Participant: 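Below are the structure tokens for one structure; questions will follow.
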Amino acid sequence: MEKITLSLANDPALSGVVDKTLKKLALRLGVSLALRGDQLLIDGDAQRVPFARHYFEKLNELQDRGHHMREEDLLIALDMLETGPATCLDDYSPAEPLNLSRKSVSPKSLNQQAYIQAIKTHDLVFGIGPAGTGKTYLAMAMALAFLQNKSVSRIILTRPAVEAGEKLGFLPGDLIQKVNPYLRPLYDALFDLSQYDQANRLIERGVIEIAPLAFMRGRTLNGAFIILDEAQNTTREQMKMILTRTGFDSKLVITADVTQIDLPQPGKSGVLHAMKILANLPEISFIRFSDRDVVRHPLVQKIIKAYQKAEAKEA
């Protein structure tokens with residue numbers, strides 16, 4: 001065991017929400033952390049403490065260079081140090097938040113930051129990973145930001161209407177009312193990010209369109225930000241169809257959780273096929289999320305890990 005004490009720069013991200021932030025960092029670093037004024041006490045295994053010390057020294061350097069570090073920036077910086085060289089933070093600059101009508105959105109992990117950057121620089125982006133990693137939410141935030149900046153003229157939100165074990169065909173109503181349960185998660189993300197009345201007005205005017213994937217056939221979508229959600233449940237034919245709908249000045253973001261395929265023959269998922277045949281095209285970006293990127297309740301991350309272990313044993 002080893003104990004050390006470090007002097008920290010005046011960091012609001014640490015001092016403002018001490019318990020919450022320190023607990024997250026302590027869990028990731030595998031050490032005990034305690035803040036006493038501007039003194040940080042690091043206690044733990046002799047093999048883990050030096051890395052923790054190096055991490056906080058790098059944070060001090062970033063503070064000295066004038067960077068304001070939010071909680072999400074602390075976690076992204078840790079991601080970078082764990083996956084890159086010791087000098088990887090020398091040129092690091094915290095990502096600018098997306099300022100939307102209702103709230104400000106910032107990436108909370110290195111993969112989320114890469115995802116946002118990929119959407120800015122590529123016309124076709126695949127976000128692949130487990131539930132709760134922000135794939136759909138961040139895509140929606142980027143779509144609203146592009147609409148707000150007039151980079152696109154409309155938003156198209158779509159997903160395949162595939163039953164996840166439940167039978168919804170008996171539901172009353174017309175076709176739109178029957179498929180509405182499948183599209184509800186897209187509405188949830190939209191209304192969380194934008195003012196309710198504003199979002200409804202945009203939907204009524206057709207600026208934001210939410211529709212089942214089958215409704216996309218035969219269309220050419222120019223000047224649109226298109227999000228295909230739950231793409232793991234597309235067939236190969238459906239995936240080819242949506243990939244060829246993109247017109248000029250459009251962006252297409254495809255999100256998928258390949259561990260939750262609800263098709264009768266999971267191996268024939270359209271997204272699995274697309275990932276294989278499109279992998280070498282430089283114009284397409286593939287961002288792969290892991291359980292580390294989960295931003296829901298901390299228990300969700302543990303549940304995902306438990307399922308991954310169980311599925312690995314079964315395989």
Side-chain angles (χ1 to χ4, degrees), residues 111-112 114-131 133-147 151-164 179 182-183 185-186 189-190 206-289:
N111 282 332
Q112 288 192 359
Y115 187 49
I116 287 178
Q117 186 59 31
I119 293 173
K120 290 178 179 178
T121 56
H122 293 72
D123 289 337
L124 175 54
V125 177
F126 284 78
I128 312 295
T133 50
K135 306 183 299 296
T136 303
Y137 193 81
L138 288 176
M140 184 74 74
M142 288 296 290
L144 291 169
F146 269 69
L147 184 66
S151 299
V152 297
S153 58
R154 55 182 171 159
I155 297 173
I156 310 291
L157 309 173
T158 185
R159 60 188 289 175
V162 175
E163 296 170 348
V179 299
Y182 298 103
L183 305 174
L186 293 172
L190 173 62
V207 176
I208 296 178
E209 179 182 347
I210 305 178
L213 181 58
F215 286 22
M216 298 297 109
R217 191 171 298 278
R219 303 178 64 183
T220 299
L221 304 172
N222 294 317
F225 195 114
I226 310 150
I227 300 174
L228 169 59
D229 194 33
E230 299 288 341
Q232 73 273 9
N233 290 327
T234 59
T235 63
R236 293 182 180 185
E237 294 76 17
Q238 287 175 322
M239 179 57 69
K240 181 181 178 182
M241 180 268 291
I242 192 65
L243 289 172
T244 55
R245 295 309 92 201
T246 311
F248 294 105
D249 301 318
S250 289
K251 290 210 177 256
L252 173 58
V253 179
I254 296 173
T255 72
D257 178 357
V258 295
T259 67
Q260 297 191 43
I261 300 175
D262 299 315
L263 296 172
Q265 295 178 289
K268 293 188 176 181
S269 167
V271 79
L272 294 178
H273 185 240
M275 288 167 65
K276 290 179 182 177
I277 66 174
L278 302 177
N280 295 323
L281 292 180
E283 297 88 353
I284 301 174
S285 178
F286 291 86
I287 304 298
R288 290 174 171 81
F289 296 91

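Numbering starts at 1 and runs along the sequence shown. Here the structure is a predicted model, which means the values were calculated and not measured. Side chains are part of it too, since the values below use all heavy atoms of this structure and drop only hydrogens, waters and symmetry mates.
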Participant: Mind listing the closest non-hydrogen atom pair of T220 and R154 along with its distance?
Facilitator: O-NH2, 4.0 Å
Participant: State whether the side chain of E283 and the backbone N or O of H122 hold a donor-acceptor pair below 3.5 Å, judged by distance alone.
Facilitator: no
Participant: Atom NE2 of H273 and atom CZ of R236: how far apart are they, to the nearest 0.5 Å?
Facilitator: 4.5 Å
Participant: Drop me the distance from L186's CG to L157's CG, to the nearest 0.5 angstrom.
Facilitator: 5.5 Å
Participant: Considering only heavy atoms from C-beta outward, does the side chain of M239 approach that of M275 to under 4.5 Å?
Facilitator: no
Participant: Could you grab the distance from atom CD1 of I227 to atom CD1 of I119, nearest 0.5 Å is fine?
Facilitator: 7.5 Å
Participant: Taking atom CG of D249 and atom CZ of F146, what is their separation to the nearest 0.5 Å?
Facilitator: 11.5 Å
Participant: Could you please spell out the steps behind the side chain to side chain contact (heavy atoms under 4.5 Å, CB included) verdict for M241 and T234?
Facilitator: CA-CA 10 Å; M241 180 268 291; T234 59; over 6 Å; no
Participant: Does some side-chain heavy atom of L190 sit less than 4.5 Å from a side-chain heavy atom of I210?
Facilitator: yes
Participant: Working to the nearest 0.5 angstrom, can you tell me the gap between I156 CD1 and L221 CG?
Facilitator: 5.5 Å
Participant: Can you find a heavy atom in the side chain of K276 that is under 4.5 Å from one in the side chain of L272?
Facilitator: no
Participant: Can you name the nearest heavy-atom pair linking L263 to N233, along with the distance?
Facilitator: CD2-O, 3.4 Å
Participant: How close do F225 and A143 get, counting heavy atoms only, and between which atoms?
Facilitator: CD2-CB, 3.4 Å
Participant: What pair of heavy atoms forms the shortest contact from S250 to G223, and how long is it?
Facilitator: OG-N, 3.1 Å
Participant: From I242 CD1 over to L228 CG, what is the distance, rounded to the nearest 0.5 angstrom?
Facilitator: 6.0 Å
Participant: Does the side chain of L243 come within less than 4.5 Å of L278's, by heavy atoms?
Facilitator: yes
Participant: Please give me the minimum heavy-atom distance between Q232 and A256, naming the atom from each residue.
Facilitator: OE1-CA, 3.3 Å
Participant: Within the 4.5 Å heavy-atom criterion, are K120 and M142 side-chain neighbours or not?
Facilitator: yes
Participant: For K251 and T246, indicate whether the former's side chain and the latter's backbone hold a donor-acceptor pair under 3.5 Å.
Facilitator: no
Participant: Assess whether side chain to side chain contact (heavy atoms under 4.5 Å, CB included) is satisfied between F289 and T255, documenting all intermediate values.
Facilitator: CA-CA 11 Å; F289 296 91; T255 72; over 6 Å; no
Participant: F286 vs F126 aromatic rings, parallel, tilted or perpendicular, using cut-offs 30° and 60°?
Facilitator: parallel
Participant: If you look at every heavy atom in A139 and V253, which pair is closest and at what distance?
Facilitator: CB-CG1, 3.8 Å
Participant: Between Y137 and A189 (side chain of the first, backbone of the second, donor and acceptor by atom type, cut-off under 3.5 Å), is there such a pair?
Facilitator: no
Participant: Report yes if the side chains of L252 and R245 come closer than 4.5 Å at any heavy-atom pair, otherwise no.
Facilitator: no
